[in-house]
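Keep in mind the model is a prediction, meaning the values are calculated, not measured. In each ligand, atom 1 is the first atom listed, and ligand 1 is the first ligand listed. Computed over heavy atoms, backbone and side chain alike; hydrogens, waters and symmetry mates excluded.
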Amino acid sequence: MSLPVSLKSSNSFSIDSHCPAIYYIRHENDLLPFYGRKPEDYYILGGGTNILLMSEISRPVIKVEIKGREVIHDEGDQIVIRVGGGENWHAIVEWTLQQGFYGLENLSLIPGTVGAAPVQNIGAYGVELQEVFVRCEAVHIPDGKMISINKEGAKMAYRDSIFKHELRGKVLITYVHLKLSKKPNIRVSYGDISKVLESKKILNPSPAEVSEAVISIRRSKLPDPAVLGNAGSFFKNILTDSLTHQKLLEKFPDLPSFPADHGKVKIPSAWLIEKLGWKGFREGDAGCHKDQALVLVNYGNATGIEIWNLAQRIMRSVHEHFGLKLECEVNIWN
Ligand code: EPU
């Protein structure tokens, strides 16, 4: 018999997986019954926007709904805000802009919750969360303790952090502290932002105008999960060394690339996938999006396994053709 509670509306891929029960956490104390439990005894879900459910979740699901937003430090041009892990990320971006607090505008319209943002160090249009992240408050469930993890402790890197490794499944992020500025620091060098602003004849954009430009680019390229199931980029971009990059360029002279930290080179995985003809591919209800090859989509009733099978075919084909290993950005539950 299948488990009683459907998770279809709790994951942006709209996969019809089930669990025995969902516990909504609106306050740290709601977690008390879980204190001391092992990670195998529960599953923590945020906005469900970065997960592929390949099977049922046979343990209770904990859904973070802790709300709240406040300024906790205000000095000169800098302020620090403390935000509940269950707040919607984009709603907080909009709120900061309304208050005249800047730094999040390039991260507009990223789906998901505030508590999930540090887990994969969300990033877009030339900005990553780690630039504004101060610390987060969390509950270490197996230890039954409230803890604080600062920037150094969070070990953030490209779409990565300690929450994906040592602390995976163990901590629930209750509050996130972010340092923002009252002075705009406009960042428009990434991709299409400046093109969009130029087309609107905006020469000195305000943070709100940068936000609007980012929103329009995202809407034009990325499918809305409310309309077409997806979890944003399914794969990470590839970070490689300059020697491998040079060798690839000899074979594929039109290969695009971007400089990355520590002398690495970032190769857009979407380009590799598109080059191999997957962009727009559909089999049953599982597909590779027609406008952004990094995004896998559920046209309606695809199962998690069907999406995963397509992901694997794409990964194999990229490996066979380019000798590069695609890594998933999305968390896989199996
Ligand atoms: N490209 C293609 N084909 C495509 C799409 C892109 O060849 O279908 C190539 C182009 O060369 C383009 C380059 O990829 O110049 C970069 O494309 P884009 O700016 O659309 O970004 P991305 O590298 O594909 C990353 C993030 C996105 C984020 C955008 C913008 C990852 C895994 N993804 O995508 O994040 O919105 O940059 O900053 O790093 C997400 O994490 O879910 C997400 C959507």
Asker: Using a strict cut-off of 4.0 Å, indicate which atoms of ligand 1 neighbour a heavy atom of E274.
Answerer: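 Result: 2 (C), 3 (N), 4 (C), 7 (O), 8 (O).
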
Asker: Between D30 (side chain) and H27 (backbone), is there a donor-acceptor pair under 3.5 Å?
Answerer: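 Looks like yes, one N/O pair under 3.5 Å.
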
Asker: Taking only heavy atoms of G232 into account, list the atoms of ligand 1 that are under 4.0 Å away from them.
Answerer: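 Here the atoms of ligand 1 in question are 42 (O).
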
Asker: Could any protein non-hydrogen atom be found less than 4.0 Å from atom 31 (C) of ligand 1?
Answerer: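 Protein heavy atoms within 4.0 Å of atom 31 (C) of ligand 1 - there is at least one.
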
Asker: Of the listed options (G126, S233, A270), which comes nearest to atom 43 (C) of ligand 1 when hydrogens are ignored and any heavy atom counts?
Answerer: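 Among G126, S233, A270, the closest heavy atom to atom 43 (C) of ligand 1 comes from S233.
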
Asker: Ignoring hydrogens, just give me the one of W271, W278, F258, F235 whose non-hydrogen atom is nearest atom 7 (O) of ligand 1.
Answerer: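 Heavy atom nearest to atom 7 (O) of ligand 1 belongs to W271.
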
Asker: I'd like the name of whichever of Y125, F234, Y190 reaches closest to atom 37 (O) of ligand 1 through any heavy atom.
Answerer: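 Residue with the shortest heavy-atom distance to the ligand atom: Y190.
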
Asker: Hey, is ligand 1 close enough to A293 that some N/O pair sits below 3.5 Å?
Answerer: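 There is such a contact, yes.
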
Asker: Taking only heavy atoms of E329 into account, list the atoms of ligand 1 that are under 4.0 Å away from them.
Answerer: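 Near E329, meaning under 4.0 Å from one of its heavy atoms, ligand 1 has 32 (C), 40 (C), 41 (O), 42 (O).
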
Asker: Can you list the atoms of ligand 1 that are under 4.0 Å from a heavy atom of K221?
Answerer: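 Ligand 1 atoms under the 4.0 Å threshold to K221: 20 (O).
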
Asker: Keeping the roles fixed (side chain from R135, backbone from N150), state whether a donor-acceptor pair exists under 3.5 Å.
Answerer: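 Checked: no pair found.
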
Asker: Show me which atoms of ligand 1 lie under 4.0 Å from any heavy atom of Y158.
Answerer: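 Counting atoms of ligand 1 from 1, those under 4.0 Å from Y158 are 31 (C), 32 (C), 39 (O).
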
Asker: Suppose we call two aromatic rings close when their centres sit under 6.0 Å apart. Are Y158 and H262 close by that rule?
Answerer: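 Ring centres of H262 and Y158 not closer than 6.0 Å.
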
Asker: Strictly below 4.0 Å, N to O, side chains only: are K179 and E131 in salt-bridge contact?
Answerer: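 A salt bridge is absent here (no side-chain N lies under 4.0 Å from a carboxylate O).
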
Asker: Within the structure, does K236 bring an N/O atom to less than 3.5 angstrom of an N/O atom in ligand 1?
Answerer: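 No.
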
Asker: Is L97 linked to I110 within one hydrophobic cluster, defined over Ile, Leu, Val, Met, Phe, Trp and Tyr using a side-chain heavy-atom separation of less than 4.5 Å?
Answerer: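 L97 and I110: one cluster.
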
Asker: Verify the contact flag for atom 40 (C) of ligand 1, where contact means a protein heavy atom under 4.0 Å away.
Answerer: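 Protein heavy atoms within 4.0 Å of atom 40 (C) of ligand 1 - there is at least one.
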
Asker: Who gets closest to atom 22 (P) of ligand 1 by heavy atom: E327, K290, Q292, K275?
Answerer: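 Ranked by closest heavy atom to atom 22 (P) of ligand 1, first place is Q292.
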
Asker: Report, in ascending order of atom number, the atoms of ligand 1 lying under 4.0 Å from any heavy atom of R218.
Answerer: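 Per the distance check, 36 (O).
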
Asker: Heavy-atom distance to atom 35 (O) of ligand 1: which of K279, H289, R159 wins?
Answerer: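 Looking at heavy atoms only, R159 sits closest to atom 35 (O) of ligand 1.
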
